*Asks:* 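Here it is, the structure in full.
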Amino acid sequence: MKLPKIPQQIISLFILLLVVLTGFLFARKYFTPPSFGLYGHYRANAVDEIKARGMKYAGSESCIECHDDIYNLKAKGYHKNVACEICHGPAGKHADDPSETSPEIPHDRSKCTICHDYNLARPTGFPQIIANQHNPGKFCTQCHQAHNPTLPHTPNECGACHREIASQKMVSHHASLECTTCHEAPLEHLTDPRSFEVKKPMTKEFCGQCHARDANSPVEIPRIDLQIHGGRYLCWDCHYPHNPEANR
Amino acid sequence: MHPVFSGYIYPNEYELHWGLLIVIYPYLTGLVAGAFILASLNRTFNVKVLEPVYRLALLTALSFLIVAPLPLFSHLGHPERALEMLWTPHIGSAMAMFGFVYAWYLLMVLLLEIWFDYRKDIVIYSQEKKGVAKYFYRILTLGATDISEEALRFDDRAGKFITIIGIPSAFLLHGYVGFIFGSVKANPWWSSVLMPIVFLFSAIVSGIAMVFLLHMITDMFRWKTPNMACLNKLAEFLLYAMLIDFSLEMLDFIHRLYESEESIHILGDLIQNRLFLSLIISQIVVGTLTPILGIIVARFGNLPDEMRRMMYFLSTILVQVGIFSTRWNVVVGGQLFSKSLRGLTMYKVQVLGLEGILMCIFLLVLPFIILYTFIKILPPWPHAETK
Amino acid sequence: MIKESTSMTRREFLEICLKSFPLFVFFPTFWIDELLAFDAETYDPTKHNYAMGIDIDKCIGCGRCVAACKIENDVPKEQEYFRTWVERYVVSTDGETQVDSPNGGIDGFPVLNSDETILKSFFVPKLCNHCSNPPCVQVCPVGATFKSRDGVVLIDEKYCVGCRYCIQACPYGARYMHPEKHVADKCTMCYHRITKGKLPACVEVCPTKARIFGELGQQSSPILRFLRFNDTRTLKSELNTKPKIFYAGADGEVR
């Protein structure tokens, strides 16, 4: 049988192609990492390399092993969620060999104000101070215990804790009102605020004591018809009682 | 501390990641695809008047294709690992396909077509030349020295066949570059299904304009009066391509404006503040509308040939400026706003360094040096003319 | 019911490698050091699926997470590189939102004057979202960034070519180019800690428990409790990246 003549060009090109392809396949075999593709399109050993990186933070559970006294104290207080290494810095080395290095013990105010300086964006109720007005020059630890922070003395005004509310009320039309005018505060609230909460007004009529048409109060106070004003909404659904905006 | 940044940007966005080098990359591949498509038009559709530019277009495409990966390569954090893209290509990644699309286009399309087209010349050179040149051409023949009538007929048929698979390949090469950008859903400036098509047509525009320009320049240096019929035909093709390209870009623009998605405000800011010069002025007015007008007047106006050539010449240069701005606006523009859609970032072009202007000028000049060498080795003009 | 792991264990893998040793003599491989790297720990990644919750209402913007992350993971100290950072949102009464994150929040935030036009303000910690459908992994040309079997998106810094495509593809700005290593870098969820039963550094140091770490698909895990009792959302969910960082109390403006 006579084969059709294969053009010379095709033979040359075919040989060249074969050489290139074989070269490619060999190079591919040689250069591909052996663990590549074991679990997916990646080098499986990379996972172990990442896993093997050293830790710098030991974690609170390592601290407990030796410092259980401090842990037990802290666990009951407001700082129970505050991990040791937030204030004392990464202690991985110290946990491995306690004699070698010891973590810092911060004394200056800046460590505390990181969290407790006043910032508008912080959630309401989080204890905040204005650092340059709050006993400037004193160390925090002179009055507060870092591991079990409480107030050094029972506050005599609400603004000591409720700074944001107090500062707003101070400049509002309600400035002259005592907090207790509207809030009934149990005495225990001063020492144990979370367990004994203050009461808030519940009805429209409460505000109506001053703001209703027939209220027995100075004439300068704005009046509304308690029956129709605001429909089914309560006063504080629209007005912020600590800084009422009616006249603005 | 960063007065030039406005609004909010994610902290990791202070550094702009794809700079001038990545602007050059789509510009260069665009020229490749465009030049090749021009060559193919002539061969597949038998546009006889374009015969004089056929080989020039092929060589232009090849020289730009050789330089195209260099900006990518020098931009990598670890250039020595670049070939991993061939050993373990990630099938899902648009970029991983680069090696294969590139290799396919370079080896299976462009080099093959040029080889088949030049084979007769190469064989003749390998017999006529002396010394080293003789051996050089002999290697280029790859041992296929048969230039009988039958063999040449086969060359022609093979060339035609490659051209036919070459056109979709050229579309693939540049459409794919557009896809690299168009498929990034995180970036509203890039993410568009039209991106590959817009890239493709702007590639055709830039390629035709570049070959047009080179054709005029090479004719000038060879003291030949250009063939006006050929120039006019090129101008027509360029005009059609530009009209399609411009319409597509406007479609994309209007579509975004009309859909008015979440990102529209920041993109509006982007165009008004950061891209006004490069998009409105450089790309649209100088690089698109002016040359369109110039070509229309030159092609269809009643002008003397000298004047016509002058206007073609200026228009094609403006087209290059416009297309380069297009690439800039896509690549850099897409990184001048924060993905938080709340602020604009900055790009400061350096002069020195791997990402600098000097490097870019080098990369833009390099293809012409390569092209010059190719023209010396494989003259694109008929055998008789070069003697 | 015990789930039978279908994938190879480390021991089996090593055995295969050792048995095929003669083969490697004839086909030497470029990655010879890789065959030697081996640790014998028995950690089964297929039994874990990590996730994190962030409670906006608890975040006080102290930036301790950012500081701890930088220390724990040797993140460059400059202001352009963060694996996690904290943003402050200030929404005004006319609906305009301002966001800032000076030095990632590591030094706290400048005081805002209590202004009548401020409607509300809050902090939002950000980090890699460890997407179940990660666009960064999709675009990586070489397989240098990948989703591990325990659901954490990781980067192989010995394999990354530094093309930065993943940085472009990440909708959250969670990735940066490491200035010395010249590879992409980002949060690993402290993979070296969590695989040893520790918490990620940012979670460990959060003083208000605004960050909750846990495992999906377990009977009991802090993250499940968090997801059960909170209305949570993920960021840019319209991009279908399916993040595994869940936000509770995050305003619609957060993106």
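Numbers restart at 1 for each chain; the letters A, B, ... are given by sequence-line order, proteins then strands. Note that the structure is predicted; figures quoted are calculated from it, not measured.
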*Asks:* Can you tell me which of A:Gly92, A:Gly40, A:Cys84, A:Ala58 forms the most heavy-atom pairs within a distance under 4.5 Å of chain C?
*Replies:* A:Ala58

*Asks:* If you count heavy-atom pairs under 4.5 Å with chain A, which of C:Val90, C:Asp107, C:Val142 comes out on top?
*Replies:* C:Val142

*Asks:* Quick check on the interface: out of C:Ser148, C:Ser121, C:Cys140, C:Pro45, who has the most heavy-atom pairs with chain A under 4.5 Å?
*Replies:* C:Ser121

*Asks:* Salt bridge (Lys or Arg N to Asp or Glu O under 4.0 Å), that's the test. Do A:Lys93 and A:Asp96 meet it? Break it down for me.
*Replies:* CA-CA 5 Å; A:Lys93 277 196 188 136; A:Asp96 288 343; over 6 Å; no

*Asks:* If we count only N and O atoms by modelled type, under 3.5 Å, do the side chains of C:Thr188 and A:Arg53 hold a donor and an acceptor together?
*Replies:* no

*Asks:* Return all side-chain donor-acceptor pairs below 3.5 angstrom for residues 58-74 of chain C, not counting sequence neighbours, or 'none' if the list is empty.
*Replies:*
| residue | atom | partner | partner atom | Å |
| --- | --- | --- | --- | --- |
| C:Arg64 | NE | C:Cys62 | O | 3.2 |
| C:Arg64 | NH2 | C:Cys62 | O | 3.3 |
| C:Arg64 | NH2 | C:Ile106 | O | 2.9 |
| C:Lys70 | NZ | C:Pro76 | O | 2.9 |
| C:Lys70 | NZ | C:Lys77 | O | 3.4 |
| C:Lys70 | NZ | C:Glu78 | O | 2.9 |
| C:Lys70 | NZ | C:Tyr81 | O | 2.9 |
| C:Glu72 | OE1 | A:Lys56 | N | 3.0 |
| C:Glu72 | OE1 | A:Tyr57 | N | 2.8 |
| C:Glu72 | OE1 | C:Arg193 | NH1 | 3.4 |
| C:Glu72 | OE2 | A:Lys56 | N | 3.2 |
| C:Glu72 | OE2 | C:His192 | NE2 | 2.8 |
| C:Asn73 | OD1 | C:Arg83 | NH1 | 3.4 |
| C:Asn73 | ND2 | C:Cys69 | O | 3.3 |
| C:Asp74 | OD1 | A:Lys56 | NZ | 3.2 |
| C:Asp74 | OD2 | A:Lys56 | NZ | 3.1 |

*Asks:* Identify which one of C:Lys126, C:Arg211, C:Lys186 satisfies the side chain to side chain donor-acceptor pair (under 3.5 Å) criterion when paired with C:Thr84.
*Replies:* C:Arg211

*Asks:* Given heavy-atom pairs under 4.5 angstrom as the criterion, report whether the side chain, backbone, both or neither of C:Ile155 touches chain A.
*Replies:* backbone

*Asks:* Tell me, for A:Asn81 versus chain C, whether the close heavy atoms (under 4.5 Å) come from the side chain, the backbone, both or neither.
*Replies:* both

*Asks:* Any cation-pi pair here, C:Arg149 with A:Tyr39, using under 6.0 Å and within 45°?
*Replies:* yes

*Asks:* Walk me through whether A:Glu61 and C:Glu204 qualify under side chain to side chain contact (heavy atoms under 4.5 Å, CB included).
*Replies:* CA-CA 10 Å; A:Glu61 62 277 13; C:Glu204 171 69 31; 4.3 Å; yes

*Asks:* Of the backbone (N, CA, C, O) and the side chain (C-beta and beyond), which part of C:Cys206 lies under 4.5 Å from a heavy atom of chain A, both, or neither?
*Replies:* backbone

*Asks:* Out of A:Ala52, A:Cys115, A:Ser110, which one racks up the most heavy-atom pairs below 4.5 Å with chain C?
*Replies:* A:Cys115

*Asks:* Check whether C:Lys120 gets within reach of chain A through its side chain, its backbone, both or neither, counting any heavy atom under 4.5 Å.
*Replies:* neither

